[in-house]
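Contents: one structure, followed by commentary.
Start at 1 and go down the list; that is how both ligands and their atoms are numbered. Just so it is clear, the structure is predicted and the values come from calculations on it, not from any experiment. We're numbering straight along the sequence, starting at 1.
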Amino acid sequence: MDDVIIIGGGVHGSSLAFHLAEKGIKSTVLEKGVLAAGATGRSSGLVRMHYDLELESRLAWLSFQYFIDWKARVGGECGFTRTGFLQFVPADQIEEMRANVALHQQIGVPSILIDQDDVRRLAPHFFVEDIVLAAFEPESGYADAYATTNSFMEAARRQGAKLVQDCTVTEIHVNGGRVTGVSTNQGDFSADIVVNCAGAWADRIGKMVDLQIPLTSWRHDTMFVRRPKQVGPSHPTVIDNVYKMYFRPETGGLTLVGLEDNNPLGDDPDSNTDHAKDGFVDRAIDRICQRVPAMEEGSLHGAHGGFDGLTPDQRAILGKAGPDGFYLQCGMSGMGFKLAPAIGACMAELIADGVSQFADISPYRLSRFDEGDLLIGDHNYGDFWH
Ligand SMILES: Cc1cc2nc3c(=O)[nH]c(=O)nc-3n(C[C@H](O)[C@H](O)[C@H](O)COP(=O)(O)OP(=O)(O)OC[C@H]3O[C@@H](n4cnc5c(N)ncnc54)[C@H](O)[C@@H]3O)c2cc1C
């Protein structure tokens, strides 16, 4: 019998296994494919603290401390690359951005407002005529989501955790209102605690215990372009709400581009993501060339997609729900990679001690949707992914 069964071997299942192991709690991660087969393996890996919700910035900041000190805190590699991070917003959201940067500074996040000339100096190849102010986080960048997950899992295994791959959970056992284990294609596993870390499949796992999780699948495609020489060896990581896209450098002289709009909702998360959807590449090329005109000389390297679970307020669902011993760590809504270290730490505390001291994650409870207590930033930028 295990202490804890974790359903899903993405960055969240692995982070939780690691943090439980640090507390001497043994877990078994059951993964229907291979480690990082879901959203994690396709994640763009942006690591920044710029959010319009204070709690999210706090969790990102706590997680950031892991990314910059990975070897000592976890071991192995996370591939963190510091590029500096720029946030661009449309002119009518400048005041929101000012307020958000002030909030980030209060938390301790290195973030400042810079003007058009500063952006031009940081990124000489960007078109900046439409940028009056930008938020700049000099320490931020991106990490390698696969390496991050793998090293979390390796560190967890060194301390007694188990990973079972090609293992699909088909049923959750409940007896007298308590979970007692799961059935899988590789037999039954028993535990008093079961955690749903199943990403875009988490609503299906919820149904196994008659729990409705308000989650829809969110498909997100990304494109890699080979940068022309004149753009230089690197550039900052950027979220560009003006052109509804983000982009960052990738190794090998590539730039990764993702779009904030037209991410299909409700598709089967098991559908093929080896290729981007029709029309995505044309739209992505058009936008990156508007912001970085020299990219006209670049060439397409490849494009693919992934699925995450999206909630009604586009924030995670964390905590106990349903039968005793059942926990949710899902609904990451396209932003869960950078938060995974802190969320894993919080969830491990919640499971071990009944409360999370690391950060108060109670605002992320499932019941907020019924209570009408959605997570919306005080100076919010509106729906991000629509
Ligand atoms: C293309 C893309 C780009 C992204 N970019 C960023 C970014 O730049 N920054 C950021 O912070 N976030 C980003 N995200 C979001 C982030 O990657 C996800 O929020 C995060 O990886 C989710 O991790 P997870 O462990 O919750 O889910 P997943 O990685 O999806 O893991 C869930 C796992 O559960 C398994 N599973 C499902 N059902 C079962 C079952 N019945 N039995 C056993 N196993 C099961 C799946 O196979 C899967 O491996 C991006 C997402 C995508 C798709």
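- Summary of contacts: the protein heavy atom closest to atom 52 (C) of ligand 1 is W218 CZ3, 4.0 Å.
- In I205, the part holding a heavy atom less than 4.0 Å from any atom of ligand 1 is the side chain.
- Between Y66 and H19, the ring center distance clears the sub-6.0 Å criterion.
- Residue V34 places no N or O, backbone or side chain, under 3.5 Å from any N or O of ligand 1.
- Ranked by closest heavy atom to atom 19 (O) of ligand 1, the top entry among T222, L30, D308 is D308.
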ask   = For F152 and W70, what are the C-alpha separation, side-chain angles and deciding distance, and is it a ring-ring contact (aromatic ring centres under 6.0 Å, His included)?
value = CA-CA 10 Å; F152 263 146; W70 195 263; 4.9 Å; yes
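- Hydrophobic clustering keeps M208 apart from I193 (ILVMFWY residues linked when any side-chain heavy atoms are closer than 4.5 Å, directly or through intermediates).
- Protein heavy atom closest to atom 6 (C) of ligand 1, with residue, atom name and distance, is S43 OG, 3.2 Å.
- Under the 3.5 Å distance criterion, with hydrogens and angles disregarded, a donor-acceptor pair is assigned to the side chains of D270 and W201.
- For ligand 1, the polar-atom distance check against G336 finds a nitrogen or oxygen pair separated by under 3.5 Å.
- Every N/O-N/O distance between Q329 and ligand 1 stays at or above 3.5 Å.
- Inclusion of L339 in the set of residues having an N or O under 3.5 Å from an N or O of ligand 1 is not warranted.
- Side-chain contact, N100 with E96: no donor N or O sits under 3.5 Å from an acceptor N or O.
- Contact annotation for K32 and ligand 1: heavy atoms of both the backbone and the side chain come within less than 4.0 Å of the ligand.
- Close contacts of ligand 1 with M332, meaning ligand atoms under 4.0 Å from a residue heavy atom, involve 19 (O), 26 (O).
- Of all protein heavy atoms, the one lying nearest to atom 10 (C) of ligand 1 is K338 NZ, 3.3 Å.
- Judged purely by distance below 3.5 Å, without hydrogens or angles, the side chains of T83 and H235 never pair a donor atom with an acceptor atom.
- Using modelled atom types, one finds a donor on one side chain and an acceptor on the other under 3.5 Å when comparing S57 with H104.
- Between the side chains of S183 and D188, at least one donor N or O sits under 3.5 Å from an acceptor N or O.
- With H220 as reference, Y246 is the one residue of F280, Y246, F307, F337 to meet the ring-ring contact (aromatic ring centres under 6.0 Å, His included) rule.
- Residue contacts with ligand 1 for V11 involve both N, CA, C or O and side-chain atoms from C-beta outward (heavy atoms, distance under 4.0 Å).
- Residue-level proximity to ligand 1 for F337 is carried by backbone and side chain together, each with a heavy atom below 4.0 angstrom.
- Contact annotation for A36 and ligand 1: no heavy atom of the residue comes within less than 4.0 Å of the ligand.
- Atoms of ligand 1 lying under 4.0 Å from any heavy atom of H220, numbered from 1 in the order shown and given with element: 1 (C), 2 (C), 3 (C).
- Considering backbone and side-chain N/O of T168, none are found under 3.5 Å from N/O of ligand 1.
- Checking only distances, H12 does come within under 3.5 Å of ligand 1, N or O to N or O.
- Both V169 and I213 sit in one connected hydrophobic cluster of ILVMFWY residues. Membership requires side-chain heavy atoms under 4.5 Å apart, directly or through other members.
- For a threshold of 3.5 Å applied to N or O pairs, the pair formed by A39 and ligand 1 contains at least one separation below that value.
- The distance between the ring centers of Y381 and H50 falls below 6.0 angstrom.
- Of the N or O atoms in V169, one or more lie within a sub-3.5 Å distance of an N or O in ligand 1.
- The cationic group of R248 lies under 6.0 Å from the six-membered ring centre of Y142 and within 45° of the ring axis, placing it in a cation-pi geometry.
- Of the polar atoms of G305, none of the N or O atoms is found under 3.5 Å from an N or O of ligand 1, judged by distance alone.
- Within the 4.0 Å heavy-atom criterion, neither part of A145 lies near ligand 1.
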